[in-house]
Amino acid sequence: MNTEKDLKKWFNKYPLLEEIVKTQEVFWFNNNYNEIDKCSNFNLTKKDIIEAEKRLIRFSDFLKEAFEETIKFKGIIESEVNQIKNLKPDLEQIFKINIKGNLYIKRDDSLPISGSIKARGGIYEVLKYAEDVALKEGLIKKDEDYSQFNNKEFKDLFSKYSLAVGSTGNLGLSIGIIGSKLGFKTSVHMAKEAKRWKKELLRKKGVNVIEYAADYSEAVKKGRKKSKDSPKSYFIDDERSIDLFLGYAVAALRLKKQLENKKIKVDFKNPLFVYLPCGVGGGPGGICFGLKKIFGPNVHCFFAEPTHSPSMLLGLLTGEHDQVSVYDFGIDNQTEADGLAVGRPSKFVGKLMKNKLSGIYTVSDSVLIKLLKLIYNKNSIKLEPSALAGVYGPVRLMKDKEKNKFYKKIKLDIPTKINHLIWATGGSMIPDKVFKEYLKNK
């Protein structure tokens with residue numbers, strides 16, 4: 001916004017904006033939410049998700065051979081759903097609220113290979129690209145043993161190709177680790193928000209790390225442009241990639257089986273509320289898309305953003321998507337939650353989420369650190385600040401006065417039967433030295 005007068009016009013049209021601009025915590029319920037699929041022009045279906053799952057299964061033998069930590073998971077990159085001891089009563093006591101319903105957590109912080117939600121979409125897209133190249137070159141057929149991808153002839157082939165991605169950290173880790181293992185020349189364009197330890201880890205894996213003094217959007221822009229210069233360079237675009245999106249969406253198929261195994265019902269009388277930390281939107285958007293395809297009106301997804309980086313909230317609230325950034329409203333995009341430090345949202349994801357997303361809430365850094373200490377001190381679980389954004393979801397929902405209007409809109413008469421699912425997006429790979437610094441923060 002150029003002037004104070006411009007801001008007032010926006011405030012008059014969208015009153016919640018005034019609180020957002022002041023970096024106050026807010027909960028926005030999506031007025032456009034409905035169960036009618038208005039995104040058919042994207043041509044994405046449940047069948048696409050199932051095909052992505054089949055591809056990951058084909059690669060399971062390769063993953064077992066290339067990454068020892070996946071052997072016990074039979075080459076499947078997946079995390080558990082469970083309850084963290086005393087989390088619900090602790091949240092109720094600290095924030096002086098009553099959380100109605102059951103509380104569960106999805107442990108993507110412990111996903112094998114790269115230890116975050118990005119191990120889903122990021123690794124999937126690299127594997128798909130590797131498969132496409134190998135099929136084109138005649139090295140493999142889809143019904144053959146994919147453990148061959150760990151052979152020298154495959155690595156020699158992939159060494160002639162380059163991968164690139166723009167990242168604040170975790171996506172870069174997933175692309176870098178799997179890309180270098182396959183033999184691709186891999187470059188990660190790192191935004192200024194990226195943590196030093198993530199850059200160092202990538203370099204140890206043989207990845208070319210290109211650092212920028214600019215934010216995430218600029219790193220993506222520069223990486224995308226540089227990648228276009230080479231015909232054998234493939235840019236993984238977190239803002240636009242359908243393959244990334246589908247890799248994340250596969251989580252919904254797996255979650256359905258996990259909930260059934262735990263006898264956790266998801267139906268009209270037992271709706272599932274899911275809280276997903278959001279940066280540019282690809283990860284949470286893909287998962288939300290998958291969940292809606294699997295559970296339909298019985299699941300409600302909420303994105304979580306830092307108060308200083310509410311890019312998806314601004315895009316969806318105003319309907320401007322990637323045409324507005326946090327900087328337009330004088331918000332600085334500075335947060336400890338480096339994975340969520342994105343100034344401009346994905347247009348692709350924003351448009352897909354227009355009618356599917358139930359809402360977005362924001363959370364302050366001080367609350368993220370408070371929750372980080374709580375979960376570590378009580379359960380010895382290391383979550384990075386970004387991952388704690390989901391933990392705050394049930395708290396913000398129960399505190400918000402507008403929730404009853406939302407319950408009425410979705411015809412939910414008995415909110416006590418809600419199953420709350422927190423999506424923990426990363427943390428297991430944080431070096432102890434770095435984590436101790438988080439514990440010292442006030």
Side-chain angles (χ1 to χ4, degrees), residues 20 28 30 32-33 39 42 44 108 116-118 120-122 124-125 165-172 174-175 191 193 215-221 224 236-252 274-293 300-327 331 333 335 337-363 386-387 389-390 393 423 425-426:
I20 296 170
W28 172 73
N30 184 7
N32 292 313
Y33 174 81
C39 299
F42 286 96
L44 294 178
D108 271 13
S116 82
I117 191 174
K118 301 299 183 180
R120 297 184 182 279
Y124 172 76
E125 180 157 1
V165 66
S167 176
T168 58
N170 286 344
L171 182 60
S174 69
I175 301 299
E193 294 84 8
D215 73 353
Y216 167 82
S217 296
E218 189 64 19
V220 171
K221 182 180 177 181
R224 187 187 294 130
I236 295 172
D237 198 327
D238 200 12
E239 295 180 347
R240 307 173 183 176
S241 173
I242 291 176
D243 289 330
L244 265 180
F245 195 79
L246 289 173
Y248 295 123
V250 169
V274 184
Y275 307 94
L276 295 148
C278 179
V280 75
I287 289 172
C288 178
F289 174 80
L291 291 174
K292 296 302 289 186
K293 290 295 181 185
H300 294 280
C301 298
F302 299 92
F303 287 177
E305 296 186 292
T307 53
H308 285 252
S309 302
S311 61
M312 186 60 72
L313 174 54
L314 290 172
L316 281 170
L317 172 64
T318 64
E320 296 291 332
H321 302 295
D322 65 334
Q323 296 305 299
V324 293
S325 78
V326 298
Y327 306 115
I331 303 172
N333 195 32
T335 174
D338 57 302
L340 311 182
V342 175
R344 193 181 300 275
S346 164
K347 177 181 180 180
F348 162 62
V349 174
K351 289 198 168 185
L352 259 176
M353 292 295 103
K354 181 179 178 181
N355 303 108
K356 292 178 173 62
L357 189 66
S358 294
I360 301 177
Y361 62 91
T362 59
V363 53
S386 298
W423 215 284
T425 51

Student: So which heavy atom on V342 is nearest to which on V280, and how close?
Tutor: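 Taking every non-hydrogen atom into account, CG2-N, 3.6 Å.
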Student: Got a donor-acceptor contact below 3.5 angstrom from the S241 side chain to the D238 backbone?
Tutor: no
Student: To the nearest 0.5 Å, what is the distance between CD1 (I236) and OG (S167)?
Tutor: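 The CD1 atom of I236 sits 11.0 Å away from the OG atom of S167.
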Student: Of the non-hydrogen atoms in Y33 and K292, which two are nearest, and what is the gap between them?
Tutor: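 Heavy atoms of Y33 and K292 come nearest at OH-NZ, 2.9 Å.
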Student: To the nearest 0.5 Å, what is the distance between CG (L357) and CG (L316)?
Tutor: 6.5 Å
Student: How many angstroms lie between atom CG of L291 and atom CH2 of W423, to the nearest 0.5 angstrom?
Tutor: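 Those atoms lie 5.5 Å apart.
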Student: Does any N or O in the side chain of E125 come within less than 3.5 Å of the main-chain N or O of L244, such that one atom is a donor and the other an acceptor?
Tutor: yes
Student: Check whether any side-chain N or O of N32 sits under 3.5 Å from a backbone N or O of N355 as a donor-acceptor pair, and report yes or no.
Tutor: no
Student: Among R344, K221, R224, K347, find the one that has a salt bridge (Lys or Arg N to Asp or Glu O under 4.0 Å) with E239.
Tutor: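 It is R224; the other options fail the test.
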Student: Are I20 and L314 side-chain neighbours, meaning at least one heavy-atom pair lies under 4.5 Å?
Tutor: yes
Student: Do you know which two heavy atoms are closest between V349 and G281, and how far apart they sit?
Tutor: CG1-O, 3.3 Å
Student: Measure the spacing between OG of S325 and CG of N333 and express it to the nearest 0.5 Å.
Tutor: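 Going from OG on S325 over to CG on N333, the span is 8.5 Å.
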Student: Is there a donor-acceptor contact under 3.5 Å from the side chain of N170 to the main chain of K118?
Tutor: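 Looks like no, no N/O pair under 3.5 Å.
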Student: Indicate the atoms forming the closest heavy-atom contact of R120 with G247, along with that distance.
Tutor: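 Closest heavy-atom pair between R120 and G247: CB-O, 3.9 Å.
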Student: Take T318 and Q323, measure what side-chain contact (heavy atoms from CB on, under 4.5 Å) needs, and give me the verdict at the end.
Tutor: CA-CA 10 Å; T318 64; Q323 296 305 299; over 6 Å; no
Student: Can you name the closest pair of heavy atoms from G390 and P277 and give their distance?
Tutor: N-CG, 3.7 Å
Student: Compare all side-chain heavy atoms of P310 with those of I331 and state whether any distance is below 4.5 angstrom.
Tutor: yes
Student: Using the side-chain hydrogen bond (donor to acceptor under 3.5 Å, both in side chains) rule, take S358 and N30 through it: C-alpha gap first, then chi angles, then the decisive distance, then the call.
Tutor: CA-CA 5 Å; S358 294; N30 184 7; over 6 Å; no
Student: Can you measure from CG (D237) to CG (D243) and round to the nearest 0.5 angstrom?
Tutor: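 Those atoms lie 11.5 Å apart.
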Student: Step by step, would you call L340 with E305 a side-chain contact (heavy atoms from CB on, under 4.5 Å)?
Tutor: CA-CA 7 Å; L340 311 182; E305 296 186 292; 5.9 Å; no
Student: Tell me if a side-chain donor or acceptor on T168 pairs with a main-chain N or O of A191 at a distance below 3.5 Å.
Tutor: no
Student: Would you mind reporting whether I242 and F348 have side-chain heavy atoms less than 4.5 Å apart?
Tutor: yes
Student: Hey, what do you get for CD1 (I287) to OG1 (T425), rounding to the nearest 0.5 Å?
Tutor: 9.0 Å
Student: Taking all atoms of both residues into account, what is the closest heavy-atom pair of A341 and T335, and its distance?
Tutor: CB-CG2, 3.8 Å
Student: Quick one: are L276 and C301 in side-chain contact, heavy atoms under 4.5 Å?
Tutor: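 Of all side-chain heavy-atom pairs linking C301 with L276, at least one is under 4.5 Å.
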Student: Assign the ring pair Y361 / Y275 to parallel, tilted or perpendicular, where the plane angle (0 to 90°) is split at 30° and 60°.
Tutor: perpendicular
